Amino acid sequence: MDYEAIRGGLELAIPFNVHIGLRVVEVGPGHAVVRLPEEPRLLNHVGSQHAGALFSAGEAASGGAFVGAFADIMGEITPLAENADIAYMKIARGPIDATASLDEDADELRARLAKDGRVRFPIGVTLTDAEGNTVAEMTVRWYVRTNT
């Protein structure tokens, strides 16, 4: 699988993510890292990263992890982020990396998808600053169905 091509495609796939300057740093099987830049237009009233920008970075990373796990069948399925929870833990300053990992075994998820025509699963995301401090944690729950 050409994960570098997938990374490049994901970086341009979502217009809103392009608008706020998200960079897809890495995509692999069930794993992705997305970087939120620090720009004045993305900051809140206290000069730290805006909660909405952090949420967007986390959701984008979860999507990258999803695509990394299901890349070979993307034309056969429809994925939707069904819901998400985020906990803001520290003031987020500077560039922030959102690192997402599939919480379940991809082969088991694919088997359930093949059997039932749909599957739901969580993807965990940790958002860290340049010093490695966790500034937020997030879980995005995905719903995926086959195109039938």
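Keep in mind it's a predicted model, so treat the numbers as computed, not measured.
- Considering every non-hydrogen atom in both V125 and G58, the closest pair reads CG2-O, 3.6 Å.
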Candidate pair L42 and Q49, rule side-chain contact (heavy atoms from CB on, under 4.5 Å), full reasoning
CA-CA 6 Å; L42 300 176; Q49 293 280 13; 4.0 Å; yes
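- Here the closest heavy-atom approach between residue E108 and residue D105 is recorded as N-OD2, 3.0 Å.
- Residues A65 and I123 come closest through the heavy atom pair CB-CG2, 4.1 Å.
- The closest side-chain heavy-atom distance from L36 to L127 is not below 4.5 Å.
- The CZ atom of R118 lies 8.5 Å from the OG1 atom of T146; values are rounded to the nearest 0.5 Å.
- Note on residues 9-24: pairs passing salt bridge (Lys or Arg N to Asp or Glu O under 4.0 Å), not counting sequence neighbours, are R7-E11, E11-R23.
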In sequence, state the C-alpha distance, the side-chain angles, and the governing distance for L109 and W142, and then conclude on side-chain contact (heavy atoms from CB on, under 4.5 Å).
CA-CA 11 Å; L109 293 173; W142 285 84; over 6 Å; no
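- Criterion: ILVMFWY side-chain heavy atoms under 4.5 Å apart, direct or through other members. Under it, I73 and L10 are part of a common hydrophobic cluster.
- The hydrophobic cluster containing F121 also contains I77, counting ILVMFWY residues as joined when their side-chain heavy atoms lie under 4.5 angstrom apart, directly or transitively.
- Both V144 and V140 belong to a single network of hydrophobic side chains, linked directly or stepwise wherever heavy atoms of I, L, V, M, F, W or Y lie under 4.5 Å apart.
- Considering CD of E104 and CZ of R120, their distance stands at 12.5 Å, rounded to 0.5 Å.
- Ring orientation note: the planes of H19 and F16 are tilted relative to one another, at an angle of 30° to 60°.
- Every pair passing salt bridge (Lys or Arg N to Asp or Glu O under 4.0 Å) that includes a residue from residues 27-36 is listed here, sequence neighbours excluded: R35-D97.
- L43 and Y88 fall into different hydrophobic clusters, where Ile, Leu, Val, Met, Phe, Trp and Tyr side chains are chained together by heavy-atom contacts under 4.5 Å.
- Within the structure, salt bridge (Lys or Arg N to Asp or Glu O under 4.0 Å) contacts touching residues 124-148 (residues at least two apart or in different chains) are D85-R141.
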Let me see the working for V67 and V27 under side-chain contact (heavy atoms from CB on, under 4.5 Å), right down to the final yes or no.
CA-CA 8 Å; V67 171; V27 175; 5.5 Å; no
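- Here the side chains of E76 and F70 are not in contact, with every heavy-atom distance at 4.5 Å or above.
- For the pair N17 (side chain) and L22 (backbone), a donor-acceptor distance under 3.5 Å is absent.
- Residues A32 and A61 come closest through the heavy atom pair CB-O, 3.5 Å.
- S48 approaches A92 most closely through the heavy-atom pair CB-O, 3.2 Å.
- When every heavy atom of E59 is checked against every heavy atom of A81, the shortest pair comes out as OE2-CB, 3.8 Å.
- I91 is not connected to I86 by any chain of hydrophobic side-chain contacts under 4.5 Å among Ile, Leu, Val, Met, Phe, Trp and Tyr, and they are in different clusters.
- With R110 contributing its side chain and A69 its backbone, the two residues share a donor-acceptor pair below 3.5 Å.
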